[in-house]
Amino acid sequence: MSAKPTLIGITPSWEDKRWVLNRTYVSAVRQAGGLPVILPVSTDPDEAERLVVEIDGLLLTGGSDVDPYFYGEEPDPRLDMCWPERDRSEIELTRRVVAAGKPLLAICRGHQLLNVAAGGTLHQELEPAVNRIQHRQKTVASCVTHSVQLFEGSILRQIAQTDRLRVNSLHHQAVKAVAEGFRVSAMAPDGVIEAIESERHCFAVGVQWHPEETADHDDCSKQLFRAFVLACRQEKEEAAP
Ligand code: MN
């Protein structure tokens, strides 16, 4: 095993004049054996490239809506706050991380952004008439509220060792057209896409739920972060001269 730490770059949220990050992302990475490092929002391609060279994996976090401009749509009246500079920065980082063959775990908005960065689209608002499950749960984030089905052959199912999971749900948007080269690995009973993963890349997994909020007490959430950090470590060792 490499004596060098496994550096996991974590993207912060944009809030007006500051960048913020829920502590749970950091503790979930730590618990899984990774060394967390919070990345700046960076729209300078040169800086993005230098950051990607340094990190062993990328954790895309939750937050505000992705600007529909980035998937070729006009804003729906129900669209929430967008911070296009954050979107641009994360799309840039995501593409570079994927090109570098480094692992990536994408959570909630991050999962949606991963799909957009790879060429997919989003539902700007879930329709209550179609999506019959509460996806913006009113209880605390550490509580799981709805079930998802995990599809055969997916990394997620391999990690969970089961075909059904209960997850938390704090979103009002969802993946619409899945990006080319990606597959759906989990779905809610109402048809909402709850997870995607790359068919080509070693580990590019997006989950619509928030495993970082349950990683201190839920085994499956813990395992997901462990599998991610392990993939980062393995890729790093394989790439080492
Ligand atoms: Mn959901």
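Numbering of ligands and ligand atoms starts at 1, following listing order. Here the structure is a predicted model, which is why all the values come from computation and not from measurement.
- Within the 3.5 Å criterion, the main-chain N or O of Gln124 finds a donor-acceptor partner in the side chain of Gln173.
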Practice task
Kindly indicate, with the supporting measurements, whether the criterion side-chain hydrogen bond (donor to acceptor under 3.5 Å, both in side chains) is fulfilled by His123 and Asp76.
Solution key: CA-CA 10 Å; His123 289 290; Asp76 182 289; over 6 Å; no

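- Within a 6.0 Å radius of CZ in Arg183, more than 12 heavy atoms belonging to other residues, nucleotides or ligands are found.
- Each protein N, O or S atom less than 2.8 Å from the Mn ion (ligand 1) was counted, giving 5.
- For an aromatic pair to be called close, the ring centres must be under 6.0 Å apart, and His146 with His135 satisfies this.
- For the pair Arg226 (side chain) and Ala32 (backbone), a donor-acceptor distance under 3.5 Å is absent.
- Here the closest heavy-atom approach between residue Ala48 and residue Leu93 is recorded as O-CD2, 4.1 Å.
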